[in-house]
2 protein chains.
Amino acid sequence: MKVDLGTFQERLRQRGLKLTKPRRLVAGKLLSTGGHVAADDLIELLRRDGTPVGRATVYRTLAILRGSGLFDEHDFGSGHKVYERALGRPHHDHLFCVSCGAVIEFREPRIERLQDEVTRRHHFTAMYHSHKIFGYCRRCQSKAPQRVERHA
Amino acid sequence: MKVDLGTFQERLRQRGLKLTKPRRLVAGKLLSTGGHVAADDLIELLRRDGTPVGRATVYRTLAILRGSGLFDEHDFGSGHKVYERALGRPHHDHLFCVSCGAVIEFREPRIERLQDEVTRRHHFTAMYHSHKIFGYCRRCQSKAPQRVERHA
DNA sequence: ATAGATGCAAACACTTTGCATGGAC
DNA sequence: GTCCATGCAAAGTGTTTGCATCTAT
């Protein structure tokens, strides 16, 4: 499934919203950037492009993109939320390097299956989940303290 | 393993810190409350007890308790962090009801094992993880929208 | 005695909101 | 023309920090 501005327009229509220039700019930049981008990054990037968008508008647009299921929002505890394209991409979870901030995606269907089992066991209806593993990535091994895994 | 103020004192000593009255009050209240408590809850509870502790001190004490491995910190996306006793309790992860805010703990060693496999695969050294499933608890089923699981 | 702790208020960082103006439909 | 969107600045929220005072050791 191709995810582009056309898809965005379509989703906006479904909600009776307008496709404005600022919204096109935010969505476009988000799509072209890929990766895990924060609101401030977007504001800065758009400003540098000579097409500044007000911070309120950026936040409001991100809320729409998230609410439409086009983008996922993640909080890696860095004090700000980051966004990544969701539609048209397979689901995955993340490893986060506490040393360099690298975000590594992983897919493990067996974990997903066990999750279903857990929710069933608790008569719980899952809507979404967040599974993050924090530690040291391959390149930051040397900075890791000599300790075993602690859970949180 | 019994976790009490004595353990706290011991951990403080190890770091060259003092066991002061405010710290005893915060740790004591946290231990007696159980559950998942936020900084503001503590401040309010202590104030009501007639033993108020400054907000800065509460936050600073929570940081120590967390850093000493006595308490875990969780963010369920409610805008504030919550704390729960960690030492002397088995590790677990959480289901969070987006309707009533209920926090349900679950243990699933098979998921933990698969996690290890994932980190090994990526040459990643895990320090801790956060696995949360959001949705509707048994009692809030009726409020759940008719939709399949969405991931985030 | 002295290094560390307290508590107030001010500072912070991220995000949201009120409101007058502007633009999509 | 109507209703929604924008953008500024101000407000909000949870948390952290500077600093003079106090206290456990």
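Every chain is numbered from 1 and lettered A, B, ... according to where its sequence line falls, protein lines coming before strand lines.
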Original post:
At how many degrees, to 10°, do the end axes of the helix from C:dA1-D:dT25 to C:dC25-D:dG1 meet when each uses five pairs?
Top reply: 30°
**OP:** Within residues 17-27 of chain B, find the residues that approach DNA chain D with a heavy atom at under 4.0 Å, and present them sorted by residue number.
**Re:** B:K18, B:L19
Original post:
Going from OH on B:Y128 to NE2 on B:H91, what distance comes out if it is rounded to the nearest 0.5 angstrom?
Top reply: 13.5 Å
**OP:** Find the distance A:L12:CG to C:dA24:P and express it as a whole number of Å.
**Re:** 13 Å
Subject >> Closest non-hydrogen atom pair, A:R89 against A:E84 >> reply: NH1-OE1, 3.3 Å
Original post:
Distance from A:I133 atom CD1 to B:T125 atom OG1, nearest 0.5 Å?
Top reply: 12.0 Å
Subject >> Positions of residues 51-58 of chain A (non-hydrogen atom under 4.0 Å from DNA chain C), listed by number >> reply: A:R55, A:A56
Original post:
In whole Å, what is the span from the CG atom of B:L42 to the P atom of C:dG7?
Top reply: 14 Å
Subject >> Start and end of chain A contact along DNA chain D [non-hydrogen atoms, under 4.0 Å] >> reply: D:dC3 to D:dC8
**OP:** Look at the aromatic rings of B:F76 and B:F134 and report parallel, tilted or perpendicular, splitting at 30° and 60°.
**Re:** perpendicular
Original post:
Which pairs count as ring pair (Phe, Tyr, Trp, His ring centres under 6.0 Å) when at least one residue sits in residues 97-116 of chain A, sequence neighbours excluded?
Top reply: A:F106-A:H131
Original post:
Over how many whole Å does the gap from B:Q14 atom CD to C:dG4 atom C1' extend?
Top reply: 18 Å
**OP:** List in chain and number order the residues that pass side chain to side chain contact (heavy atoms under 4.5 Å, CB included) with A:S99, two or more places apart in sequence or in another chain; answer none if no residue qualifies.
**Re:** A:C97, A:Y136, A:C140, A:K143
Original post:
Who passes side chain to side chain donor-acceptor pair (under 3.5 Å) against A:R121, sequence neighbours left out?
Top reply: B:E108
Subject >> Nucleotide C:dA5, atom P - distance to CZ of B:R13 in whole Å >> reply: 13 Å
Subject >> Comparing B:R60 and B:S78 on DNA chain D - which has the more 5′ nearest nucleotide >> reply: B:S78
Original post:
Going from CG on B:D75 to NZ on B:K132, what distance comes out if it is rounded to the nearest 0.5 angstrom?
Top reply: 6.0 Å
Original post:
When you measure from every atom of DNA chain D, which of residues 34-41 of chain A have a heavy atom less than 4.0 Å away?
Top reply: none
**OP:** Please list, chain by chain and in numerical order, all residues satisfying side chain to side chain contact (heavy atoms under 4.5 Å, CB included) with B:R15, sequence neighbours excluded.
**Re:** B:L17, B:I64, B:S68
Original post:
Do A:D93 and A:H129 have side-chain atoms, one donor and one acceptor, less than 3.5 Å apart?
Top reply: yes
Original post:
Within this structure, what is the NE2-to-C1' distance between A:H80 and C:dT16, rounded to whole angstrom?
Top reply: 18 Å
Subject >> Residue pair A:H36 / A:H74: nearest heavy atoms and the distance that separates them >> reply: CD2-CD2, 4.1 Å
**OP:** For B:L62 and C:dA5, give me the distance from atom CG to atom P, rounded to whole Å.
**Re:** 15 Å
Original post:
For the residue pair B:H80 and B:A38, what are the closest heavy atoms and their distance?
Top reply: CD2-CB, 3.7 Å
Subject >> Residues which pass side chain to side chain contact (heavy atoms under 4.5 Å, CB included) with B:I43, listed by chain and number, not counting sequence neighbours >> reply: B:D40, B:R55, B:V58
Subject >> Pairing residues for A:Y59 by the ring pair (Phe, Tyr, Trp, His ring centres under 6.0 Å) criterion, not counting sequence neighbours >> reply: none
Original post:
What distance do B:L65 atom CG and B:Y83 atom OH have between them, rounded to the nearest 0.5 Å?
Top reply: 9.0 Å
**OP:** Scan residues 19-32 of chain A for pairs that pass side chain to side chain donor-acceptor pair (under 3.5 Å), counting only residues two or more places apart or in two chains.
**Re:** A:K29-A:D49
